[in-house]
Every structure is written in structure tokens, then in C-alpha cells.
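Below is one structure, written out as C-alpha cells, with a few remarks after it.
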Amino acid sequence: MNAHSFTLAGCRLEARPSGALWLPDARLLCVSDLHLGKSERMARRGGALLPPYETEETLARLEAELAALMPRSVVCLGDSFDDLGAALALPEDMQLRLQAMQAGRRWIWIEGNHDPGPLELGGEHKAELAEEGLVFRHIASPRPEAGEVSGHYHPKHRLPRSGTSRPAFVYDQRRLILPAFGAYTGGLRCSTPVLRGLFSARAIAVLTGPRALAVPLE
Amino acid sequence: MAALPPRFASWFESHDWQPHPHQLEMLARAEEPASLLIAPTGGGKTLAGFLPSLVELADGAHEGLHTLYISPLKALAADIRRNLRRPVEEMGLPVRIEDRTGDTSASARKRQRADPPHILLTTPESLALLISYEDAPRIFAGLTRVVVDEIHALAESKRGDQLMLALSRLQALAPGLRRVGLSATVEDPPALAHQLARHPDPCPVILADPGPLPDIAMLNTAAPPPWAGGGAAHALPEVLEEVRKHRTTLIFHNTRAQAEIFFHNLWLANEEGLPIAIHHGSLAREQRQKVEAAMVSGELRAIVCTGTLDLGIDWGDVDLIIQIGGPKNIKRLVQRIGRANHRYNAPSKARLVPANRFEVLECRAALEAVAAHDLDGEPRGPGPRDVLCQHILIRACAGPFDETELFGEVKSVGAYSNLSRAAFDDCLDFCATGGYALKAYDRWQKLMQRDGRWTLRDPRAAQRVRMNIGTIQDTELLKVRLRGRGGKPLGEIEEGFAATLTEGDTFLIGGEIVRYEGLKEMTVQVSRSGNKTPKIAVFGGTKFSASTRLTERILELIHGDWSALPHHVQEWLALQRNASQLPRGDRLLVESFPHDSRAHTCLYGFAGRNAQQTLGLLVTRRMEELGLDPLGFVATDYATLIWGLEPVEDPDPLLAPQVLRDALEGWLAKNAVMKRTFRASATIAGLIERNLPQNRKSGRQATFSSDILYDTLLKYDPDHLLMRITREEAMKGLVDFGRVEEMLARVAGRIDHMQLDRVTPMAAPLLLEVGKVPVAGKGRERLAEEEAEALMAKVGLEG
């Protein structure tokens, strides 16, 4: 088994090597910070002309997870699009792939700071979602109820002795923050005060990669 | 020969000086469209370059900019301004001279654009910025001469290519522009002239009297050098003795880390407290300026330094050069030797200190090459296209342009004279649309055509282009400061190194041992530490590869006359000959032997460090495929030593040229070295923006690693222009696959495999080398899992 299993607020969870979160009992898959259309947004604003393949790459990774797990529900935890313009400019073939993924299952877009407001791409649209005893929202709240699942920070972590830093899940007894699932996303070190301060001393980081690796944050 | 105008002649006479013949010849040839002067240090090279300008400006008739002077160093521009002031003031010439570099204040720069001086002293990067302004045609309208100083140093890198592209632009703005290059000794003056001149203008080469032969030898030490390493601690007493005997000594090192360690040890041994300082590129500017000022005023007896002191600035009283470690490159050694004794017609004096036994061979081979005037140098090859992409963007910032005109200008640059229209169009397309197989940026092109001329779609983009001008690759550096308010800046370390530090670790910087306290706002906070031995002492700095000519000479020496070698080296070579065989240029010696319960294989390719490292990556990959379970390797300039679980029975399948080429295309394409090569070219070409300190503070997760872009292109668009550039660059530089190919061609399948029962004399030093590379793959993943489990177990959790 390459995923890391743990529980949060009594709910069984699996941190997948891909950076997706799996709730086996509810057959619910959660991914955060897809940032689809990032290259288009940068070009529009006069920035670098990045290789325009990140939407295809991110969707391909998501399709692989759907094929492996066949979820009943999919929750996109905000910042799914780099901005509303990027969502509107999504190429038609990518829209079709997204629709194919949505077919026959519940699909929920959580609002992020990059992509507020409703989208015309199918699925439900919510500020937050309460399900399975957990609360799904984009940005962690300062004083959360137990069982908060969020994204936004793009946590990354590196083992003290081996290897470079990798996108990572971080959790403690009360909350969980997901790594960014999108192809063109950087990361924020778990040791950065703004991120570290959200967790207790007993926090665990789960590195993504060929296999999910859990390590104590301290 | 031209006669000096009376005013200049009497100025020379008043100082009791004779103009050098080459100075007069430069004056006589002042009307040539291009000329190249090759003169030793101290030969009045700078005055030779400026004399025609001063003569032309003497009547006060010229309005605006007349002469542009370009040097590779900011400090050199300031130094030349001070030196030129003397003839100008003493002859009362109506000439205004100013410098313009990254250090010039914004108000001064603004004034210089509105009212340029007669002579402007600047750097290639500042010039590139100047030609990006819309008022460039006005600034450069009257430009008559351009003087490129230390052109040999610029011409070796992309800075030179960028400069020559900028000159092609200046030539279009000022068609009568004449070019002068000033160079130290080089191996191929016509090639340098071709780079300088407008193609196909002629460019006569003027050779000054090279002066007497240098007094150069190996420094004799009581203790023989150790088997491996680069510290040269064995030579401390003799080096100190030389410092004592001379007025001022420059002690050169190949890397900053070696300079730091040597300086630290030198201070511990310096019982009489001789004033000795350290100078290298990672030190804070304030620190460096302090050392430079002390040097100029004659307060220092020695400076431990790196390549940052290779160039130009007139230190005056240096009378001895000491080179610690193998010189790696004959030409650079000759140029370094020239740093001693700036008096013309006095021999320079230099001493070489090999840091280990193998470097004794290298130093000996270099001495023979210097005596034989046999300089090395790799031909530069065609102008790099990443630099061209940046030039196109810079051109677009200055205003709309016609593509055919720009192509004509680019073709007038020697290095780009063979550029095809198709290759140019590729670069233009990349700048305009990104050049992707998927046409995604029709709406958001960076450059677009209006009335048949190319222009920036979004004028705001000009600012970003200007911020990213330049071809020098800064690794991501973090400032180091003493903790506390207004703590003293000490220098910079690489971000990668900083990430390995934990509180309490000690390291060397600027000769001080400091203790890592933490990271605050992207600054490394440290405190002074009383610790005698720093726990970690590695940080930034290029590792040069020994040049092809030098490794050839080392191979010749191994098979030639050993009589000039120290006794201990002769014995070492004789032992090797008896135990195995001596490596030869036309065959590849491969030794396999067990050691420390691991199978070892040593490949004596003599291809230089970078190529031997690449060979290690490729061969261990092949070994993994064949189930030989390699665990790691280490590479030096002359060999790669690999260790693993299974012995190599037959090296031929590991070294078949096609197998290695396929591995380069396939597996190495995913390697970190290729990613670093990509990052450099993608930054120059403008795909990635420089990670400027101000961006990084606010950047958070906004910036992501260029590795992601590389992986994406490899998967979705492997023939993209930047991927083609990356593969081209991989033939030289960090990957240096070109030298792997050269070695395989030289050996032509003649592989001698010696299977032995123990480590050989020549392989033994490699066991002690630092910089061992673990083989990536399944093994490494397993190690990471084990580490993670151990850490979890320690806090009482299960993975």
C-alpha cells in the first residue's frame, strides 16, 4: 500500500502519493489547488509564455486517480482555476475531459481566493462543505472546528537527510492541509511560521512521491 | 608609425616616458573599422586603447558620446576612470569621462542618458540595458569608438556574445563606429578578432612585445602533498615563508571553499601576524571593498583569492603569484601569472603548489606548456540562441523593429555569421508566441506585428525584460549577516547549502567561523563562534574541469620523462606500472578490484571533471539495468571510480558509444544536471524570470521550480527550441558530453580491462576524494523510507 492511512475527527483517510485525499468509506476524492489555466493567465498579464501544457497534465493526473479509485464524489478544494478568466478560457477539449470526469458522480467546487463565484463547468459550487464529520474549505480558519480539511498554502517538506523537498500533506489532531495538485504550483515550507503556527507540536507531514512518506514535522 | 601630436608628445616627455611601439601602432591604425591588441599586463594596454580617442577629442569639437569603454568588471570601469583622469587633467583636455554600472545612482544614470559624457565606461549588462531604451538612437548617435577591455575574459562566455550583439545594434545606430579589443595572451588571436569585428570587416591583430619569460616553478615543500584533497595544508610553512620574502603575494585558489579553508589554516599558522586578507565572489561587497582599499594602499602582504582577482585592477606592488591546486587551464595560469609585477619588461614570478599527488603531474604538465607557449582553449562554436532570444526582446523594448533588418544586424556578429534565417525565425517565434507545438498564445503574444514591424503587445513587459537582462547565472544565494540589529553583512551562501544547516551548525565565511542561528526574511542569521573546527565547510563556487590540452599533456608526461617529477611521484607511478598499467591517451584503462567488501571499477578517461561525472551517471545507469547494483561513484579530472555490489566482468557493453548516447537522450534527459542546464538557458531566453530578492520576499508559492517546466516540455513538447538549446549546451558545460564523445573517439574501442585483487596505486586517491555521488533509483527511495520509519519510531508512531 503506497498511501498513508490515518484518521481525523473519527473519519478514516488516505493521503495518496499523488497528493489527492481519499475517504474510502464515503468513496470521496478531494484535490486542492489545481490552478488550471495558470500559463494562460500569466501570458494575458504580459508575463512569461510558459509551456501551455499544465492543464492537460493536471487533468491527466486527476483522470488517473479517478480511474484507480472510481469515487462517488469529487471535491476540488479551491483555486481550481488560476482566475475566473482562466476558467472561461479553458480550451474546449479540456472542458470535454472535465465533463467526462464529472459524468455519473457528484462534483463540488469549493471557492478559493483565485476563483470566487460560480463556474459554468458543471458540478455544485460551495463556499464550504460539511461531510463525513469533516469540514472542507479553501483556507484554514484560525480556530477551526475539529476535522477541518483545507488547501491554499501548498505545503512542501523535505526529509532532513535524504532528497529534495516535495509537496506534502500536513495534519495534526484537529486539521489537515492538502498539497497543491496542479502541475504548475510551487510550495511553502512547512517550517514557515505562517504554516507551522497552524499546527500543534505533534503534527505529521506526509510527503508525496513514488510512495506517501509520513514523518513528524518536528 | 603615427607620430604623437605635440601636446601628447610633450606630456610623455614631461614624465620621461617613451610611448610603447604598440601604443603608436594603435594610433596609426585608429581608422581601422576594428583592431585587436594583445599585450601583457603592465604594457600600457589601456592607454593604447584610449590614445586615439583622446587625440580625436583634444580639439573639443565633438559633441556627445564619442567613446564607449566596456569591461567585464564594475570595479575595473571605476579604476580606469581614475587612471584616465591623469593624462586628461595634466594635458588640460576638454574631455568628460564617467562610468555607468549597476552601482551608479539612479539620478546620475538619468543625467547620463540626457547628456552623455565624451567617454562612458560601462559593463556588457549596463550596455544591454542602455540599448533597450527608446532614446538609444539619440544617446549613441555620435558614437565613434568602442573599446572592449579584457576581451579574452568576455569572449569565453555568453557575456561576450551578448556584448557583440549589443555592438551590432550600436553599429546600426552609429554606422561609422570603430571597434578596439584589448586582450591578454590568448591561444588563437584571429578567432578572437573574428568575434570582435563586424562581419566581414577585417580586424588586424597587433601584438605587443610579450616581455621576458616568467619565473615560474613548483614550490618545494618539506612535506609531500597528500594523496587526495585540495586543502594544501602541507605547504603552509613554505607559503608563509614566501609571503615573508615578498612585498605582496596573491594566493590563488580554484574554488571559494578551498580559499576559505586555506585562509583559515594560514591564519592559525601566521604566528607573527602578517597582514593577510581574503577576497572572493561570495563575500559581502563591503568586505571586498575594504580588502581592495587595503591592497591599493599597500597595507597587505598577501591576499588569498579566487578568480575574482584574475582581471585588470592595478594592484601595483604584487611581486609573487602562488597558485594552490592544479591550474586546470594553461591559458588562465598564464594570465594569472601576469598579475604579478605590473612593470613592463620585468619577469613575473609565480609558484605552483599541488594540493595532492595527482596535481603534481598536472602542475608539471602546466609548467612545460607555459615554457612551450602552448596555450589551450576550446573553440567557442556558433553564437548561443538563448542569448539571441534575449537580444530580440531587448530590441523590442527599444521600439518597433523590422525582422529582416534585425536579422542582418545579427548576421554581422562574428559568432552569429553562420546563423540561418530559419534558426533566427525560431528565436523570433519563441519570443513572440513561446514557440510551442500547441498554438496557445495567439491572443496573448508577447511580440506582435503592427504595420509589418514587431512590437511588444503589452508595454509593461519592457520592465520585466529589463529586469532580466544578463547572462550570468546566479545560483540562488542568501545573504549572511551577524545576528542583531544592523548586523554586519558577511557574504552569501547558496540556498541549497543553507537548507542543510540546522541551528548550531558552524561554517566558514570570510575566514571566520560562524554559528548558524536561523533564517530571517531570507537572510541567514549567524553569530561568531569560538569553535576551532567548523563542522561543515562547503559552499558555492565553480569546479573547473582541467582543459583538454592539459589532460593530454598529463598523459604524455605519464609516458614520458619522469626526471623532473619529485621522487615520491616517480615511485607512485612505478608502483602503478607494476601493479596494473599506466593510462594512455589512445587506450582506455579500466581497473576492477574488490575493496572494503564492495566491487570497484575505475575508468581513466582523462576527460575533465564534468565529463567524468557524466560518464559516471551514464555508466552506473547502464550497470543498474544489467543488475550490477551500483551504489555510488566519484569523479575527478582524470578518472571515475564506481562502487557497487556486483563486479564488472566486461566493461565493453557499459562504454559502447551508442549506448551512452541513447542514455544521454533518454535517461540523462531527466537528470538534475540537465535541469540545471535548462534553467540557465530558459532564464537567459526569458522563459523564466530571475529570482530577484524582492520577488522572493513576497513570492511565496507564486514561484515554482523550473524543473516542472522542463519535465512538462520533455513530456509534451520535446523538440521545443529551449529543449534543443539545452541538448546543445549539454555537449559542453556541466554535462560536457562533447568530451565524453572525444574520449571515446580517441580510444576507439581499445579498452584494457585489468581485473585485480586489490586497489591500485592510481585508484587509491579516488577512495579519499570528497564529492561522492550516490546512485539515484530504487536504492535511494529505500533509504528515504528507512529514514522516515526511523523518525516515526523515534516519536513512538508507526508509518
Side-chain angles (χ1 to χ4, degrees), chain A residues 4 6 33 35 38-57 60 79 89 91 152-156 158-166 180 182-189 191-192 194 201-202 204-207 209-218, chain B residues 430-436 438-441 443-446 456-461 463-464 496 499-500 502 519 672 682 686-689 699-705 707-713 715-717 720 722 774 780-781 783-789 791-792 794-795 797-799:
Chain A
H4 168 73
F6 61 108
D33 298 272
H35 287 271
K38 180 165 191 138
S39 59
E40 194 264 353
R41 173 170 175 254
M42 291 192 62
R44 190 180 346 124
R45 299 172 145 215
L49 303 177
L50 297 181
Y53 308 108
E54 88 286 10
T55 299
E56 184 174 358
E57 170 68 12
D79 287 2
H152 180 62
Y153 289 101
H154 302 199
K156 65 174 183 182
R158 80 188 267 286
L159 294 176
R161 281 189 289 113
S162 31
T164 49
S165 67
R166 300 174 183 179
Y184 289 179
T185 49
L188 186 67
R189 281 202 191 111
S191 55
T192 314
V194 63
R202 303 260 300 167
I204 302 286
V206 184
L207 276 67
R211 195 188 133 175
L213 293 178
V215 294
L217 205 48
E218 291 298 79
Chain B
F430 167 77
C431 293
T433 70
Y436 300 106
L438 189 68
K439 291 286 167 211
Y441 296 123
R443 279 181 76 195
W444 309 119
Q445 278 183 242
K446 191 170 235 165
L456 288 172
R457 174 182 60 83
D458 184 343
R460 287 175 302 178
Q463 187 55 23
R464 310 179 87 127
T500 67
T502 54
L519 195 65
L687 179 67
I688 305 169
E689 297 186 356
R700 227 167 50 90
Q701 72 267 44
T703 55
F704 53 94
S705 156
D707 296 0
I708 293 172
L709 297 181
Y710 179 84
D711 288 337
T712 308
L713 283 173
K715 189 164 167 190
Y716 293 97
D717 205 349
H720 185 262
L722 278 179
R780 192 154 184 193
E781 210 49 50
L783 288 178
E785 285 167 20
E786 283 166 13
E787 188 187 355
E789 271 161 30
L791 286 167
M792 289 298 270
K794 217 164 128 189
V795 293
L797 294 167
E798 274 171 47

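Sequence lines set the chain letters: A, B, ... in the order given, protein chains first and strands last, and positions in each chain run from 1. Here the structure is a predicted model, which is why all the values come from computation and not from measurement.
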Q: Please flag which part of A183(A) lies under 4.5 Å from any non-hydrogen atom of chain B: side chain, backbone, both or neither.
A: backbone

Q | Per-residue contact mode, T192(A) against chain B (heavy atom under 4.5 angstrom) | A | neither

(Q) Given heavy-atom pairs under 4.5 angstrom as the criterion, report whether the side chain, backbone, both or neither of Y441(B) touches chain A. (A) side chain

Q.
With a 4.5 angstrom heavy-atom cut-off, is it the side chain or the backbone of L687(B) that approaches chain A, or both, or neither?
A. both

Between [X] and [Y], which heavy-atom pair has the shortest distance, and what is it?
X: K446(B); Y: L49(A); result: CB-CD1, 3.9 Å
X: A461(B); Y: G46(A); result: CB-O, 3.9 Å
X: R45(A); Y: R464(B); result: O-NH1, 3.9 Å

Q) What residues, two or more places apart in sequence or in another chain, satisfy side-chain contact (heavy atoms from CB on, under 4.5 Å) together with A180(A)? A) D33(A), H154(A), T185(A)

Heavy-atom pair count under 4.5 Å with chain A, highest-scoring of [options]:
options: D717(B), D711(B), L456(B); value: D717(B)
options: K715(B), R443(B), H720(B); value: K715(B)
options: L438(B), L722(B), I688(B); value: L438(B)

Q | Partner set under ring pair (Phe, Tyr, Trp, His ring centres under 6.0 Å) for Y716(B), not counting sequence neighbours | A | Y53(A)

